[in-house]
Number of protein chains: 2
Amino acid sequence: MTFHHHTLPNGLTILGETNPAALSVAVAFWVKTGSRDETPDVSGVSHFLEHMVFKGTPRRDAFAVNRDFSRIGADNNAWTSEENTVFHAVVLPEFLPQLEDVLADILRPSLRGVDFETEKKVILDEIVRYEVQPGWAVYDQARRTFYAGHPLGNSILGTTQSISALTRDQMAAYFRRRYVAPNILAVAAGNFDWDRFVHLVGQATADWPIGDAPRTNRTEPPGAGGVHLITKPADKVSQQYVTMIAPAAPADHALGYAGALVSTVVGDYTGSRMFWALTDPGLADEAGMGIDECDGAGAYYTSFNCDPDRAAECFGIVRRLLEDVQKNGITQEEFQQAKTKVLSREVRAGERTARRMATVAKDWVYRGEYRSVDDELAAWDAVTMKDVREVLDRYPLTNQTVTAYGPLEKLT
Amino acid sequence: MTFHHHTLPNGLTILGETNPAALSVAVAFWVKTGSRDETPDVSGVSHFLEHMVFKGTPRRDAFAVNRDFSRIGADNNAWTSEENTVFHAVVLPEFLPQLEDVLADILRPSLRGVDFETEKKVILDEIVRYEVQPGWAVYDQARRTFYAGHPLGNSILGTTQSISALTRDQMAAYFRRRYVAPNILAVAAGNFDWDRFVHLVGQATADWPIGDAPRTNRTEPPGAGGVHLITKPADKVSQQYVTMIAPAAPADHALGYAGALVSTVVGDYTGSRMFWALTDPGLADEAGMGIDECDGAGAYYTSFNCDPDRAAECFGIVRRLLEDVQKNGITQEEFQQAKTKVLSREVRAGERTARRMATVAKDWVYRGEYRSVDDELAAWDAVTMKDVREVLDRYPLTNQTVTAYGPLEKLT
């Protein structure tokens, strides 16, 4: 695999990892914008705009957009997070020119008023559908509570109120401000010709405007702290959902690897301390810990859901477990096992062009560098038990903000 | 990629596709048994037994089983269908010996009475959880109705009654009858040494019993026909779910490829006739068609869910759409587009060792042959418009058994 990069005159970054042994090529336009870049009056606009991108351009209506992806057998989709909006596809190598043509075209959407109003209904339906899923509701509420006004706590979907009030012109203004060429990357990984890709992207994006789309809120929030209950009638939500958030290392932090190993030992979906303490004995239906590495900030997410009668017991177990790891660290055997797990997952993920493409993009966006699969494996391998102690001291697992969602009126 | 196969003295089949360029190796024990091989008094035993396999052996308790997978970073799981029970894992090449050791060991489970009673509660909970998911409930009911007593209509989970009544000895008897060596395949795909794999499997399974585990019910069911309504209170199920089943080509039928292309044109999740008629205009929340190729039988599944007020309209659209395709076939452009889609998906799937492993196993179990990625692509490429007409004549899309689940008391 060989890495390449290039910057176009308009500021658009092109990244590529060529692998002649791959059977496909994965590409994306990666836009560095998401809900943390929104003001409250346009809450949800990044995600709504992602939908609108598929509704057509001066050259293609929505039918033609879908048809032109289908014709080339593209596996295409898009997603919006707090920090990125990504339009991606995988195709067989021979279809790359047609794919770039349609993908670049839709990134300059018409945002027609009639499509805007139709899609608004779809988004409002989506908000209602998500709100009644307790797993999503507790995640959204827990983040809002933990971040306490920091823009990383902004909702990706927005609210019924913000979306209802949003106008087509507000969306167009957001688009003009955030979808400027220097804020976008064109990325490819797999079997393709680099020079040809640069040429294709250069041609298709030549008239994209330059401009400055800074992110000025890159601070590390301390977390609100405390235990927050959101009580729902038992006939609406029968299980108790608990999500705990603690500050963790940001995406570009040297201790990120050690933090991820701690999270694996404590809360991997199988074989972790939480698995043995909660999932295996059937105390909780689901239990686990993950890490969210963001731009300038990071967070550990510890969550479980269980029968309300067992919530206090489970909560006590999790708190004691976190206190124990915080005080005594992890064992050499746990450390080694977590490394093997993580290394194994990294290698397997490297077999897929779609995954390599996303990794190449993320490493560039968050760390400003390229890392091969081997670089990545070496970095995991280099983590020491001393790093684990250091990350625990710098980002204590006991520094939790707790949000509980379900029938209970108190958690302890 | 190179294919190998070998039969052990006890009758166990070993299959392998070696690919020195792969980064991992995927393996499975593939047991040719599932819910269609059950009698009503043990309904659900295949799936329950799959769970029990992870509960320990004379050499390992449940903790040790999980620990030994975790230690080597294995991505392991299992699944049960109407026809197969499969225990699979992906690891880095150096961990293959340890993986085979634990995987072969658990295939001879202790089935301890105390574990059996604990796990029974887990299964009973799972049945209740599934029953309240309308998408699952309509699938399960539609199959039961369509198959009208044919064992392919057996429920995979079983019922609260059958699982409650099941004894440990009934499960042990089923295990002895169905988990005999000639009814099991050991399969590997990816980066591994074939001779070493045969040696490992041979050693680990040497004492597995021989025996005959035939499947005597390989008939093609005609389908019950008719429209069947299962009416639920609107406060329990707010949407209307409709599933239509029609006989299709069995897994080893030469017309299977043509049938799959028809299904792609009619009901692929994107860009298909159903997508444009129902999903894109927002008439249905979800709509699509798939094909289930089984041992000696096959079925088209056509389904949608929507607001109850729109169910009659959607149902009419689907019926007219199916009648139109049945009468007039598909266009040359649709045919070509479906081929490109399917070819593209096949190639991309071929990049993953886990997917190649499953494909190698299925081709052997259902067709008694090995097919490389290139063989597979050539087979798709060879399908003609004449084949499409032939499969429509042999398996008409209009030969539907309709099951509707939701608040409505009539569908038209």
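The chains referred to below are lettered A, B, ... by the order of the sequence lines, with proteins before strands, and numbering in each begins at 1.
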- [ ] Pull out the residues in residues 372-379 of chain B that come under 4.5 Å of chain A, heavy atom to heavy atom, sorted by number.
- [x]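 So no residue qualifies.
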Report which part of [X] has an atom under 4.5 Å of a heavy atom belonging to chain A: side chain, backbone, both, or neither.
X: B:Ala62; answer: backbone
X: B:Phe95; answer: side chain
X: B:Phe54; answer: neither
X: B:Gln336; answer: neither

Task: Electrostatic pair A:Arg60-A:Asp101, nearest N-O below 4.0 angstrom - done: yes
Open item on the list: Taking B:Asp75 first and then A:Arg345, would you say they form a salt bridge - that is, a charged N and a carboxylate O separated by under 4.0 Å?
Closed with: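 Salt bridge: no.
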TODO: Establish, from distance only, whether the side-chain atoms of A:Gln239 and A:Asp285 form a donor-acceptor pair under 3.5 Å.
DONE: yes
Open item on the list: Would you say A:Thr270 and B:Asn66 are linked by a side-chain donor-acceptor pair, where the criterion is simply a distance under 3.5 Å?
Closed with: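 The answer is yes; a qualifying pair exists.
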Going by side chain to side chain donor-acceptor pair (under 3.5 Å), name the residues that satisfy it together with [X], two or more places apart in sequence or in a different chain.
X: A:Ser24; result: A:Thr353, B:Glu351
X: B:Thr57; result: B:Asp105
X: A:Arg310; result: none

Open item on the list: Are more than 12 heavy atoms, taken from residues, nucleotides or ligands other than B:Glu286, located less than 6.0 Å from that residue's CD atom?
Closed with: no
Open item on the list: I'd like to know which of A:Arg67, A:Lys121, A:Glu333, A:Gln337 tops the heavy-atom pair count under 4.5 Å against chain B.
Closed with: A:Gln337
